[in-house]
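Accompanying notes for the structure given below.
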Protein chains: 2
Amino acid sequence: MTQKKSSFQDIRDTVMARIQSRHWPPGSLLPTEVELAEEFGCARATVNRALRELADQGVVDRKRKSGTRVNAAPVKQAVFEIAVVRQSVEDMNAAYRYSLVKREVITAPPWLRARVGVKDDAQVLHLNCMHFADNRPFQFEERWINIAAVPDVIDADLSETGPNEWLLSQVPFSNAELTSTAIAADETLSEFLDVPQGAPLFQMERTTWFQGTPVTFVRMTFHQGYHMRTRY
Amino acid sequence: MTQKKSSFQDIRDTVMARIQSRHWPPGSLLPTEVELAEEFGCARATVNRALRELADQGVVDRKRKSGTRVNAAPVKQAVFEIAVVRQSVEDMNAAYRYSLVKREVITAPPWLRARVGVKDDAQVLHLNCMHFADNRPFQFEERWINIAAVPDVIDADLSETGPNEWLLSQVPFSNAELTSTAIAADETLSEFLDVPQGAPLFQMERTTWFQGTPVTFVRMTFHQGYHMRTRY
DNA sequence: ATCATCCTTATGTCTAGACATAATAACTTT
DNA sequence: AAAGTTATTATGTCTAGACATAAGGATGAT
């Protein structure tokens, strides 16, 4: 059945539709690229691209010689954007304000050394910052920056723009590990975020590396009632 | 400088290295595909694939006629796997146990209708479940399933396997919206998760659609101290 | 039966060339 | 100067064919 639709997107969507409709149920084997190319009346490379995208999405599994199989237990994965605070505040149509609360150079404390893996005597820049949305507390940020990794940070003016934005401009491509949890507001957080002590708060921690060396560790605590949103 | 390295992966990695080393700084324009193909001694299609992958990663922006530009503000995105509860428990080397607490068929309450968009008189299956790790509370799950979307759910045996796993086998490919937040334990949660009332708890809510129709809404509350982890 | 070896096969990648398309630049007309 | 038209250009996609490679299957030796 040689159809005239040719583009790899059509093929990708058609194949996806057949999988969703259980024409090709989970676990089943798809026709070979050559057979599909025949059916769709196109070159094998076109089918290859279509199936490769589905494989990247985790919809199918592909193995040489074995063929292409509908993934029975698709690895559901969500992609969420690591938004800069300013962005997410402005996206809510709120006025963003930033304030540097504290700035000091210290030797990395043991817990930090264990966490990010810097040398015993490593000097770090320790910062406390507040981010506001429409003058209401939005996020309290506590950050440690490995001075050895970004020496320029010593001279950076962090009173106007947050350290996150400064770091992004300096070290745009990095790896990170991220954890989220719920914590109870301690005295400090209660003051900065204007909530009762013990209030449940959403907290994210992120460790960032650039080419293997740790750059920064940040603990971000959000105002009460904050929801992190993502789609997939 | 016609090199002998040819594979698109080599090219992708080389280009990435040049971007990281600021040989091509953020905002700058890369050579055209033809020029790069010359430099690397390969076909343009090979360069195209390399650059396309970098564009997919958000490292570069590509526009017809304009060319390929290093992304100044790369959209940082984290990918986290939507693990089935059983998986994440077993990944911790803990014994997984599941228990169905409550099961009832009800008419969708107004807040749920507003949330997921089902008809006024839609019948939904309402479930409460507990997930344990080594016999300690791990997650309390409250779920509503749109019966019209998956009629078979009425006859499904959900006493042994959780509704999540059952649904995954029935509706493997779906879209979802996901939010995370911190809440204080109310009376019910305090009992089920064995924490004091008011304890800060990590909560995720997920709405799932299949081909446009809402399938299920689930509210998952984790034990105290739970960390959601992800890397990028 | 067990193991090593060769053959077959489906995917993985590359090439050279072609046409399509979006967006800028250059030119023309008003 | 403003607006509309045309050329140019870099990416986007496709093709037909080629060789590479992983892995399953068959074969044969132990």
Side-chain angles (χ1 to χ4, degrees), chain A residues 1-16 18-19 23-72 74-75, chain B residues 1-16 18-19 23-72 74-75:
Chain A
M1 201 225 272
T2 310
Q3 303 202 5
K4 56 165 171 279
K5 28 169 70 190
S6 45
S7 98
F8 79 93
Q9 302 186 40
D10 294 338
I11 296 174
R12 161 166 53 67
D13 295 346
T14 303
V15 169
M16 184 62 178
R18 287 188 194 168
I19 291 173
H23 178 64
W24 291 322
S28 65
L29 202 61
L30 265 60
T32 68
E33 292 187 347
V34 175
E35 289 166 339
L36 286 171
E38 244 169 71
E39 178 193 338
F40 289 106
C42 66
R44 185 169 79 89
T46 307
V47 173
N48 181 281
R49 170 138 187 217
L51 294 184
R52 183 152 41 81
E53 290 210 353
L54 291 178
D56 289 344
Q57 281 181 238
V59 173
V60 297
D61 266 343
R62 319 197 70 197
K63 273 218 298 251
R64 278 165 161 150
K65 164 77 185 174
S66 309
T68 305
R69 201 171 280 281
V70 180
N71 202 334
V75 181
Chain B
M1 198 225 272
T2 309
Q3 303 204 6
K4 56 167 173 279
K5 29 169 69 187
S6 46
S7 97
F8 78 94
Q9 302 186 40
D10 294 338
I11 297 175
R12 162 167 51 65
D13 295 345
T14 303
V15 169
M16 184 64 179
R18 287 188 195 169
I19 291 173
H23 177 63
W24 291 321
S28 65
L29 204 60
L30 265 60
T32 68
E33 292 187 347
V34 175
E35 288 167 339
L36 286 172
E38 243 169 71
E39 179 194 337
F40 289 108
C42 66
R44 184 170 77 91
T46 307
V47 173
N48 181 279
R49 169 139 188 214
L51 294 184
R52 184 152 37 84
E53 291 209 353
L54 291 178
D56 289 344
Q57 282 180 237
V59 173
V60 297
D61 266 344
R62 318 198 69 199
K63 272 216 300 250
R64 277 166 162 150
K65 164 80 183 171
S66 309
T68 304
R69 200 171 281 280
V70 180
N71 202 334
V75 181

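Values below: all heavy atoms of this structure, side chains included; hydrogens, waters and symmetry mates excluded.
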Practice task
Send over the distance from D61(A) CG to dT11(C) C1', rounded to a whole Å.
Solution key: 13 Å
Problem - N/O (side chain, R62(B)) to phosphate O (OP1/OP2, dG12(D)) under 4.0 Å - result: yes
Completion exercise
In whole angstroms, the gap separating P of dC14(D) from CZ of R49(B) amounts to 14 Å
Handout entry: E33(B) CD - dT15(C) C1' separation (whole Å)
Key = 15 Å
Problem - Pairwise side-chain contact, N71(A) with V59(A), heavy-atom cut-off 4.5 Å (strictly under) - result: no
Completion exercise
Taken to the nearest whole Å, CG/L51(A) to P/dA10(C) is 14 Å
Problem - Quiz item: R64(B) side-chain donor-acceptor pair to dT21(C) base, under 3.5 Å - result: yes
Exercise for the section: Identify which one of R52(A), R49(A), R62(A), R64(A) satisfies the salt bridge (charged side-chain N to carboxylate O under 4.0 Å, His left out) criterion when paired with E33(A). Expected result: R62(A)
Handout entry: Any T68(A) side-chain nitrogen or oxygen under 4.0 Å from OP1 or OP2 of dT11(C)
Key = yes
Exercise for the section: Give a yes or no answer on whether the side chain of E53(A) reaches the backbone of A50(A) with a donor-acceptor pair at less than 3.5 Å. Expected result: no
Fill in the blank from the handout: L29(A) CG to dT11(C) P, in whole Å, measures 8 Å
Exercise for the section: Give a yes or no on whether a donor-acceptor pair under 3.5 Å exists between the nucleobase atoms of dT13(D), that is its base, and the side chain of R44(B). Expected result: yes
Exercise for the section: Would you indicate, yes or no, if dT15(D) has its OP1 or OP2 atom less than 4.0 angstrom from a side-chain nitrogen or oxygen of T46(A)? Expected result: yes
Handout entry: Nearest-nucleotide comparison on DNA chain C, the residue closer to the 5′ end among A45(A) and K63(A)
Key = K63(A)
Handout entry: Length of the CZ-P vector between R52(A) and dT13(C), whole Å
Key = 7 Å
Exercise for the section: Nearest whole angstrom, please: distance from the P of dT13(C) to the CD of E53(B). Expected result: 8 Å
Handout entry: Validation row: L36(A), I11(A) side chains within 4.5 angstrom (heavy atoms)
Key = no
Completion exercise
Between K65(B) and N48(B), the residue closer to the 5' end of DNA chain D by nearest nucleotide is K65(B)
Handout entry: Note, T14(A) side chain near F40(A) side chain (heavy atom, < 4.5 Å)
Key = yes
Exercise for the section: Ignoring backbone atoms, establish whether Q9(A) has a side-chain N or O less than 4.0 Å from OP1 or OP2 of dG12(D). Expected result: no
Problem - Rounded interatomic separation in angstrom, taking CZ from R69(B) and C1' from dT11(D) - result: 14 Å
